Amino acid sequence: MSIQHVVFGFGAHSGIDDGPELLRMAEQADRDGLDIFSLSDHPYIGGRLDAYASIGFILGRTQRLAGFANVTNLPTRPAPMLARTVTSLSALSGGRIVLGMGAGGLWDRIADMGVPQLSPADAVDAFEEAITLVKTLSGGGPPVTYQGRHYQVNQIEPAPVAAPAVWTGSVGRKSLAATGRVADGWLPGHAADWLSDRYRTSRPIIDEAAAAVGRDPREIRTVFNLPGRITDRPLPATRNPDGRWIGGSAGQWVEELTGAVLEHGASGFMLFSPEGGTPDLVSLGRWAKEIVPAVREAIAKKSD
């Protein structure tokens, strides 16, 4: 398998009062050479920072770091407007945006915002239509008329900016197949990693759907949301009794992530705290300065 450029970043779940700390983390990550940061998107929680407002602000304060919503709460952000948002962010930042996409999970809360509730099957249909429409409304060309079951636009001019890469948080079989047909990357749900049953049973669905429409499955990257501790000394076991990664020393992280890339096709990692929340600044610094450069070097050596 050819090795894609592997991306390294961090994820955050940030409240209104966390803005200064989030900015410090992003600026540090930018200086330290990380590739990307992500923010959760739960617009029905009043105490959370809005994902897209925050991403735009942070992109304006950084030079190289890309951003994405992990993942966009699509039902509350209609696809035609989402296309305008991400192409504008791309134009303003020099292409430093990824479009994370989800079909919608907490439908009771989504419906509380006045959004009509969809069945699981309809939500996935709308999700696939939305990805297609965002891409159609990007990259220039003649006005677009699109008549889908869930989205309709009439003679809308596309943005002249190319669509960003689309990474999904697909979980169910139908959603996974949609990822294979129209998306560019996948983040396994529930922070599942490359040794999990979820990954082993889900990734083939994406690959088969991609191949069925003439796409090369290898072009659809797998990026892992990865919680874990970075310890001063090696741990006797880096996985818990259920087989889930819990962390270890910098050397143990390097060995594990290098194997994930070379043996399991991983092409990106987003660091979270051991509890699945925002990592602290010390852990982020160790991730960026000790682990990421060593993994990049090991991949380069072993793939020559």
Side-chain angles (χ1 to χ4, degrees), residues 6-73 89 93 96-102 105-106 109 167 169 185 187-193 223-232 235 238 240 244-250 253 256-257 266 268-292 295:
V6 181
V7 297
F8 297 88
F10 74 95
H13 303 295
S14 296
I16 292 291
D17 296 332
D18 299 327
E21 181 75 1
L22 175 63
L23 181 58
R24 282 193 292 272
M25 294 184 70
E27 290 175 333
Q28 174 178 303
D30 194 44
R31 290 191 301 269
D32 291 344
L34 291 182
D35 301 298
I36 193 165
F37 72 96
S38 76
L39 295 175
S40 57
D41 187 24
H42 298 288
Y44 35 77
I45 300 177
R48 289 279 180 89
L49 288 168
D50 177 77
Y52 278 96
S54 303
I55 288 168
F57 181 77
I58 291 171
L59 291 177
R61 297 286 295 269
T62 53
Q63 299 296 317
R64 294 169 296 277
L65 197 67
F68 81 110
N70 190 355
V71 290
T72 302
N73 190 289
L89 287 171
S93 68
R96 294 184 291 125
I97 187 74
V98 170
L99 175 54
M101 287 285 269
L106 300 176
R109 297 311 317 277
W167 299 352
L187 300 112
H190 306 290
D193 68 31
V223 179
F224 293 93
N225 290 327
L226 191 61
R229 290 188 295 147
I230 303 172
T231 59
D232 293 329
L235 296 181
T238 57
N240 67 17
R244 181 178 285 272
W245 172 256
I246 58 173
S249 66
W253 278 85
E256 187 73 26
L257 300 192
F269 305 96
M270 304 294 301
L271 179 69
F272 285 83
S273 75
E275 297 78 27
T278 307
D280 59 67
L281 275 168
V282 172
S283 296
L284 184 62
R286 296 194 65 186
W287 170 247
K289 295 176 181 178
E290 298 178 39
I291 296 171
V292 170
V295 175

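Predicted model, so just to flag it, every value in this text is computed and none were measured.
- The minimum heavy-atom distance between Asp32 and Ala288, with the atom names listed, is CB-CB, 3.5 Å.
- Between the side chain of Asp50 and the backbone N or O of Ala53 there is at least one donor-acceptor pair closer than 3.5 Å.
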Between Leu89 and Tyr52, does a side chain to side chain contact (heavy atoms under 4.5 Å, CB included) hold up when you go through it step by step? CA-CA 9 Å; Leu89 287 171; Tyr52 278 96; 3.9 Å; yes
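- Between Asp41 and Val71, every side-chain heavy-atom pair lies at or beyond the 4.5 Å cut-off.
- One distance of note links CG of Leu23 with CD of Gln28; it measures 11.5 Å at 0.5 Å rounding.
- Between the side chains of His13 and Thr278, no donor-acceptor pair is found at a separation under 3.5 Å.
- More than 12 heavy atoms of other residues, nucleotides or ligands lie within 6.0 Å of CG in Asn240, so this atom counts as buried by the packing criterion.
- Considering only residues two or more places apart in sequence or on other chains, Phe10 meets the ring-ring contact (aromatic ring centres under 6.0 Å, His included) condition with none of them.
- Counting heavy atoms from C-beta on, the side chains of Ile36 and Val98 come closer than 4.5 Å.
- Between Pro227 and Ser273 the shortest heavy-atom distance is CB-O, 3.0 Å.
- The closest donor-acceptor contact from the side chain of Ser283 to the backbone of Pro279 lies at 3.5 Å or more, if one exists at all.
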Apply side chain to side chain contact (heavy atoms under 4.5 Å, CB included) to Leu187 and Phe68, showing your working. CA-CA 12 Å; Leu187 300 112; Phe68 81 110; 4.0 Å; yes
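- Between Arg286 and Asp232 there is a salt bridge, with a side-chain nitrogen of the basic residue lying less than 4.0 Å from a carboxylate oxygen of the acidic one.
- Between Asp35 and Arg64, every side-chain heavy-atom pair lies at or beyond the 4.5 Å cut-off.
- Side-chain contact between Asn225 and Phe269 is absent, with no heavy atoms from C-beta onward closer than 4.5 Å.
- Ser93 OG to Ile55 CD1: the interatomic distance, rounded to the nearest 0.5 Å, is 10.5 Å.
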Evaluate side chain to side chain contact (heavy atoms under 4.5 Å, CB included) for Val7 paired with Leu34, printing each intermediate quantity in order. CA-CA 8 Å; Val7 297; Leu34 291 182; over 6 Å; no
List the steps and the verdict of side chain to side chain contact (heavy atoms under 4.5 Å, CB included) for Met25 and Leu281. CA-CA 6 Å; Met25 294 184 70; Leu281 275 168; 3.6 Å; yes
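- The OG atom of Ser14 lies 5.5 Å from the CG atom of Leu39; values are rounded to the nearest 0.5 Å.
- Separating the CD1 atom in Ile97 from the CG atom in Leu99 is a distance of 8.0 Å, to the nearest 0.5 Å.
- Residue-environment remark: CZ (Arg48) exceeds the threshold of 12 foreign heavy atoms within 6.0 Å.
- Here the side chains of Trp287 and Ile230 are in contact, with some heavy-atom distance below 4.5 Å.
- Between Trp253 atom CH2 and Glu290 atom CD the span is 12.0 Å, to the nearest 0.5 Å.
- Take Arg61 and apply the salt bridge (Lys or Arg N to Asp or Glu O under 4.0 Å) test, not counting sequence neighbours, and it matches Glu27.
- Nearest approach of Ala191 to Arg244, heavy atoms of both residues: O-NH1, 3.0 Å.
- Heavy atoms only, all atoms of each residue included: Ser249 and Thr231 are closest at N-OG1, 3.1 Å.
- Looking at heavy atoms from C-beta onward, Thr62 lies out of side-chain contact with Arg31 at the 4.5 angstrom threshold.
- Between Trp245 and Glu256, some side-chain heavy-atom pair lies under the 4.5 Å cut-off.
- Closest of all the heavy-atom pairs between Leu22 and Ala12 is CD1-CB, 3.9 Å.
- Closest non-hydrogen pair, Pro43 versus Asn73, comes out as CD-CB, 4.0 Å.
- In this structure, the side chains of Asn70 and Phe272 come closer than 4.5 Å at one or more pairs of heavy atoms.
- Once rounded to the nearest 0.5 Å, the distance linking CD of Gln63 with CG of Asp30 reads 6.5 Å.
- Side chain of Arg96 to backbone of Leu59: a donor-acceptor contact under 3.5 angstrom is found.
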